Protein chains: 2
Amino acid sequence: MMENILVIDDEEELRTTLVEVLVREGLAVQEAANADQALTMLKSAPFHLILLDMVMPGTDGMSAIPLIRKQAPRTRIIVMTAFASVQNAVHALQQGADDYIVKPFKIEALMLAVRRNLQKARFLDGEAVELDGVFHGLANAMRRQILLVLDRQGQSRFMDLVRLLEVEDHTKVNFHLKVLREAGFIEHGKDKTYALTAAGHRAASCLSFISGSLTP
Amino acid sequence: MMENILVIDDEEELRTTLVEVLVREGLAVQEAANADQALTMLKSAPFHLILLDMVMPGTDGMSAIPLIRKQAPRTRIIVMTAFASVQNAVHALQQGADDYIVKPFKIEALMLAVRRNLQKARFLDGEAVELDGVFHGLANAMRRQILLVLDRQGQSRFMDLVRLLEVEDHTKVNFHLKVLREAGFIEHGKDKTYALTAAGHRAASCLSFISGSLTP
DNA sequence: CTGCCTTGTGAAGAATACTTCACAACTCTC
DNA sequence: GAGAGTTGTGAAGTATTCTTCACAAGGCAG
């Protein structure tokens, strides 16, 4: 799937360079010379990522951020700022930008940021399965219990687990263990014990974070 | 539903007082004079909460914690320590205790801790609906998108939302909005716009926490 | 007022997820 | 090696969740 990028910069030379590089990377790129033009383009087609210059005649980059956000809340915005001012960058992020890069930059540095943000966008878009996996894993009360117990126990044999959970039907536990295993949260060691994987521990910590943040 | 509590303390007088108070609170209380006795009792019946004295002849409280944890990973453990030593308390928590209270304590202070921990236990047990609600809310990709968008937008009218999400069928969005509304995550203002509630913002922050913790 | 966009409901069906049951291999202990 | 407890599979049924469709009330511009 080709990903759409919009480059917003008033300097034609830089813009052209950027477009060239991005196209070579296999991305669909469009360009805008100012914020108003960009906003119009946003209306007609959605973009995955926007490269936004801060200093522009007319609506400047900083003011453009919330306007873009308003129309395209899921698009990743990378701001390009000529001043290595931390405040500037922080402010841009507060306005709703996702990342920033300081001019002048090397092309590789920019591409790194672009790739990172596209990946993040894909991830948040749910194209990456992982988020769904985590929520699927955590969506069920028994699976949460299993994660909780294994997080505390370290590891456990099957029937011990069943007893700790106080479940009558062991096959039910089995079912959920299989789900968790397929989600990559637990592993089944050679000694026949179940234990959390790294992902499992992360999921468990998500769980306790959520529990914590719900009891104020 | 009556909740089971186990009081572990070698001083008979204090133990009796505690039992009396807890029973008056409507709780099912059992008592043990030492750790070994307690561990035996744990085998036969599950407890929701354990009050554990630190200083005891034989196996002391600190060493008892992991043994109890091993057998009852979901039981809340409150340790009662006579020394107001922070290190002691921290160590106990590291061993797997959930809370601590410094002796001598007022009965009200203890009851506060007991109630707080029972509530937490209930919560983690899934008797409180809330956790399930959150996960149900977050379990679906479209609902996550909605939370994300509303978190960024602040508020949005229905068709705007539909367009931002790039969904063809508006009734599908409608369905998930209803789910989120019933979960208490969004509210439907009089001006016909949807916005996140406090719980909704919390859920959104859970979401971004999880997203963040999955991309290292 | 007419027509179009917005916003919403409810029911039917498709798709998933969960539970339960019947059964079997396997590992201990005696 | 007999028997009891452990561990696991798969199929069938049940419940829940999600999608889709058909339809309609209300608002607003021309």
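What you see is a predicted model; the values in this text were computed from it and never measured. Chain A is the first sequence line, chain B the second, and so forth, proteins listed ahead of strands; every chain is numbered from 1.
At whole-Å resolution of the value, CE in Met142(B) and P in dT19(D) are 7 Å apart. Between Arg143(A) atom CZ and dT16(C) atom P the separation is 15 Å, expressed in whole Å. With rounding to whole Å, Glu182(A) atom CD is found 13 Å from dG10(D) atom C1'. As a whole-Å value, the separation of Phe158(A) CZ from dT6(D) P is 10 Å. Between Arg144(A) atom CZ and dA17(C) atom C1' the separation is 15 Å, expressed in whole Å. Atom-to-atom, NE2 of His188(A) to C1' of dT6(D) comes out at 11 Å; the value is rounded to the nearest Å. We find that NE2 of His136(A) is positioned 13 Å from C1' of dA15(C), with the value rounded to whole Å. A straight line from NZ of Lys178(A) to C1' of dC18(C) spans 13 Å, rounded to a whole angstrom.
Not one N or O on the side chain of Arg181(A) forms a donor-acceptor pair closer than 3.5 Å with the backbone of Ile186(A). Counting only distance, with no hydrogens or angles, the side chain of Thr16(A) and the backbone of Glu12(A) share a donor-acceptor pair below 3.5 Å. The main-chain N or O of Asn4(B) is found under 3.5 Å from a side-chain atom of His48(B) such that the two form a donor-acceptor pair. Judged by distance alone, with hydrogens and angles left aside, the side-chain atoms of Asn174(B) form no donor-acceptor pair with the main-chain N or O of His170(B) at under 3.5 Å.
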Nucleotides 20-30 of chain C: protein proximity per nucleotide (B base, S sugar-phosphate only, - neither; heavy atom, under 4.0 Å) = BBB--------
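Side-chain N/O atoms of Asn140(B) include one lying less than 4.0 angstrom from OP1 or OP2 on dC18(D). Proximity of Tyr194(B) to the phosphate of dT6(C): no side-chain N or O atom is located under 4.0 Å from OP1 or OP2.
Relative ring orientation between Tyr194(B) and His188(B) is described as parallel, the plane-to-plane angle staying below 30° on a 0-90° scale split at 30° and 60°.
When the nearest nucleotides of DNA chain C are assigned to Arg163(B) and His176(A) by heavy-atom distance, the more 5′-ward of the two goes with Arg163(B).
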Take Asp60(B) and Met54(B) through the side-chain contact (heavy atoms from CB on, under 4.5 Å) test and state the conclusion after the steps.
-> CA-CA 6 Å; Asp60(B) 72 341; Met54(B) 281 284 103; over 6 Å; no
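Side-chain proximity of Arg157(A) to dC18(D), dC18(C), dT7(D): nearest is dT7(D).
For Leu147(A) against Ala203(A), the heavy-atom pair with the smallest separation is CD1-CB, 4.3 Å.
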